[in-house]
Amino acid sequence: MSTPTGVSRESLAFRNAIDVVRGVEPAVADAITAELADQRESLKLIASENYASPAVLLAMGNWFSDKYAEGTIGRRFYAGCRNVDTIESIAAEHAKALFGAEHAYVQPHSGIDANLVAFWAILAARIESPALKRLGARHVNDLTDADWAALRRELGDQRMLGMSLDAGGHLTHGFRPNISGKMFDQRSYGTDPATGLVDYDALRETAREFRPLILVGGYSAYPRKVNFRIMREIADEVGAVLMVDMAHFAGLVAGKVFTGDFDPVRHAQVVTTTTHKSLRGPRGGMVLCTSEFSDQVDRGCPMVLGGPLGNMMAAKAVAFAEARQPAFADYAQRIVDNAAALAEGLLRRDVRLVTGGTDNHLVLADVSGFGITGRQAEAALLESGIVTNRNSVPADPNGAWYTSGIRLGTPALTTRGLGTAEMDEIADMMADVLASTKPAAGADGKPSKAQYTLADGVADRTVKRAGELLAGHPLYPSVDLG
Ligand code: PLP
């Protein structure tokens with residue numbers, strides 16, 4: 001919408017904000033402006049990134065940033081939190097309605113934080129509370145030192161079953177470099193080597209034998225739907241809590257692309273997410289849960305989280321309100337249509353895909369058929385104006401650093417308005433770059449896993465094609481910084 005001067009409200013808002021910043025530290029104002037220019041020029045296929053709306057971006061910069069509000073709605077450790085209560089309630093109510101959840105906790109600062117809140121809520125509900133009851137105590141402070149030491153050992157001796165990293169799981173699902181792997185005895189489930197799909201029978205067998213406290217569903221690099229009804233059956237059979245980390249595909253749940261057996265909120269007791277990936281909100285996290293876990297989840301701050309960021313909760317509330325509009329369901333459907341078109345385009349050009357395709361927002365291409373590593377593919381594509389990220393494929397011989405795959409996602413380009421025809425064009429550009437990339441010789445004369453050569457002219461012609469494609473779909477068309 002334009003103002004009487006003919007300049008859009010969004011343009012004025014951002015111009016004014018940047019001018020105010022420039023008055024204090026011009027270098028920061030310049031970097032903000034440069035970041036918008038870079039984002040406008042890049043053909044972004046990073047599966048975990050998106051572009052939040054101007055309303056979401058503007059909601060982040062406000063006075064809530066100055067307010068401490070430890071605790072939760074109506075139960076704060078600080079005075080003067082009535083406006084934070086309002087914001088947090090609006091965000092939580094929108095989230096509950098959007099996902100059909102019994103309870104929503106919108107404070108987590110990120111996806112990792114949301115997972116930590118969930119783990120400790122489950123430990124508190126399933127281990128700590130029964131122990132307190134057994135010992136006749138109301139609070140941990142009432143325990144003797146000996147009872148407390150025994151309870152701490154019990155809390156630290158629980159089991160978690162999550163998807164393996166090379167099948168697409170996430171580091172926070174019990175892997176050793178992350179705190180979750182140091183807290184839990186972890187085992188992982190993989191995918192069927194023949195199909196690349198989750199093998200529910202094998203998962204059931206592992207769960208029966210391992211008997212985890214928490215069965216974790218969700219992924220960051222698995223290109224297919226997951227049947228959460230079956231996962232809940234397995235969890236119930238072995239007495240585990242089903243927790244699903246829907247960080248990557250929350251937008252597809254919100255947009256009703258994933259329904260029924262594929263909707264984690266219908267089946268899991270605890271669901272965590274980020275708010276910035278396919279959900280297209282501000283960077284942040286959230287926990288949804290059944291009423292069994294709500295009191296414990298609400299203790300996230302100060303249990304494991306620093307004080308809530310009211311300004312970010314304001315932006316989450318705006319993003320959730322946007323996601324409740326019918327246009328968001330259309331957006332979510334276009335994300336998966338675009339991913340399917342990208343996958344088909346790549347397959348037609350002989351690019352091998354893990355599982356042979358996709359039914360979500362991401363595509364995992366195995367580039368080993370081109371004789372290069374994921375790292376070389378990522379670098380050659382970047383040089384050619386296409387931003388992707390390297391990723392392991394199941395049983396990856398090149399490990400997690402060099403990898404044999406690249407992960408591609410369509411949420412960001414779909415927000416820009418690109419459609420299935422453009423996805424086919426992108427597949428063509430990518431196949432051209434991949435086929436023109438060769439490993440360079442390393443210091444020992446063997447093919448390097450990092451250095452590469454790209455045939456003359458390919459990068460230039462691809463950058464030009466990418467630029468032409470993006471020019472037809474401007475990013476933030478209502479924002480002109482003048
Ligand atoms: N969970 C999953 C499945 C993810 O893919 C990610 C991020 O990539 C996270 C959690 C962590 O999110 P954040 O970076 O917001 O902590």
Side-chain angles (χ1 to χ4, degrees), residues 44-50 52 56 60 105-120 160-175 177-181 183-184 186 188-189 191 198 214-226 228 231 242-254 258 262 264-265 268 270-288 300-301 304-306 308-309 312-313 315-316 319 335 360-364 387-392 400 403 405-412:
K44 179 153 90 173
L45 285 164
I46 304 269
S48 50
E49 292 187 7
N50 210 330
V56 167
M60 285 184 228
Y105 182 63
V106 297
Q107 289 189 17
H109 310 318
S110 72
I112 289 185
D113 291 13
N115 286 346
L116 265 181
V117 171
F119 299 153
W120 280 104
M160 170 179 286
L161 180 58
M163 185 183 240
S164 70
L165 279 181
D166 73 354
H170 192 258
L171 208 65
T172 56
H173 301 173
F175 294 93
N178 179 258
I179 181 82
S180 57
M183 283 164 55
F184 289 96
Q186 196 261 20
S188 46
Y189 56 92
T191 45
V198 172
I214 307 179
L215 172 60
V216 185
Y219 51 79
S220 45
Y222 178 71
R224 295 292 180 177
K225 289 182 189 176
V226 172
F228 297 113
M231 289 197 72
L242 177 62
M243 169 187 153
V244 175
D245 177 351
M246 63 169 182
H248 258 263
F249 54 92
L252 305 185
V253 180
F258 284 177
F262 307 103
V265 185
V270 182
V271 176
T272 59
T273 187
T274 54
T275 49
H276 47 272
K277 302 185 205 271
S278 55
L279 194 50
R280 208 166 59 181
R283 297 194 73 85
M286 172 166 70
V287 182
L288 306 172
C301 167
V304 290
L305 294 179
L309 308 174
M312 301 309 286
M313 293 194 289
K316 286 174 193 175
I335 291 177
N360 59 18
H361 64 298
L362 70 86
V363 173
L364 195 56
V387 190
T388 65
N389 68 285
R390 65 186 185 279
N391 209 101
S392 314
T403 82
I406 46 170
R407 188 184 66 166
L408 315 167
T410 53

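Note that ligands are numbered from 1 as they come in the structure, with each ligand's atoms numbered from 1 the same way. If you're wondering where the values come from, they're calculated on a predicted model, not measured in any experiment.
Summary of contacts: the protein heavy atom closest to atom 2 (C) of ligand 1 is Asp245 OD2, 3.4 Å. Protein heavy atom at the shortest distance from atom 13 (P) of ligand 1 is Gly111 N, 3.4 Å. Counting protein heavy atoms only, atom 7 (C) of ligand 1 is closest to Lys277 NZ, 2.7 Å. Annotation: atom 16 (O) of ligand 1 to nearest protein heavy atom, Ile112 N, 2.9 Å. Protein heavy atom in closest approach to atom 4 (C) of ligand 1: His170 CD2, 3.3 Å.
Short contacts between ligand 1 and Tyr219, defined as distances under 4.0 Å to a heavy atom of the residue, involve ligand atoms 3 (C). Of all atoms in ligand 1, listed by their number and element, those nearer than 4.0 Å to a heavy atom of Ser220 are 5 (O). Counting atoms of ligand 1 from 1 in the listed order, those under 4.0 Å from a heavy atom of Ser110 are 13 (P), 15 (O), 16 (O). Counting atoms of ligand 1 from 1 in the listed order, those under 4.0 Å from a heavy atom of Thr274 are 12 (O), 15 (O). Residue His248 approaches ligand 1 through these ligand atoms, each under 4.0 Å from one of its heavy atoms: 5 (O).
Within the 4.0 Å heavy-atom cutoff, His276 counts among the residues contacting ligand 1. Ligand 1 lies out of reach of His109, whose nearest heavy atom is not under 4.0 Å from it.
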| request: In sequence, state the C-alpha distance, the side-chain angles, and the governing distance for Asn50 and His276, and then conclude on side chain to side chain donor-acceptor pair (under 3.5 Å). | output: CA-CA 7 Å; Asn50 210 330; His276 47 272; over 6 Å; no
| task | Please test Asn115 against Thr172 for side chain to side chain donor-acceptor pair (under 3.5 Å), starting from the C-alpha separation and ending with a verdict. | result | CA-CA 7 Å; Asn115 286 346; Thr172 56; 3.0 Å; yes
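Ring orientation note: the planes of Phe119 and Phe184 are nearly perpendicular, at an angle over 60° on the 30°/60° scale.
Within the 4.5 Å cutoff, no side-chain heavy atoms of Arg224 are placed close to those of Asn360. Tyr105 places a side-chain heavy atom less than 4.5 Å from the side chain of Cys301. Within the 4.5 Å cutoff, side-chain heavy atoms of Leu171 are placed close to those of Pro177.
Here Glu49 does not pair with Lys277 in a salt bridge; the nearest charged N to carboxylate O distance is not below 4.0 Å.
Between Thr191 atom OG1 and Tyr222 atom OH the span is 7.0 Å, to the nearest 0.5 Å.
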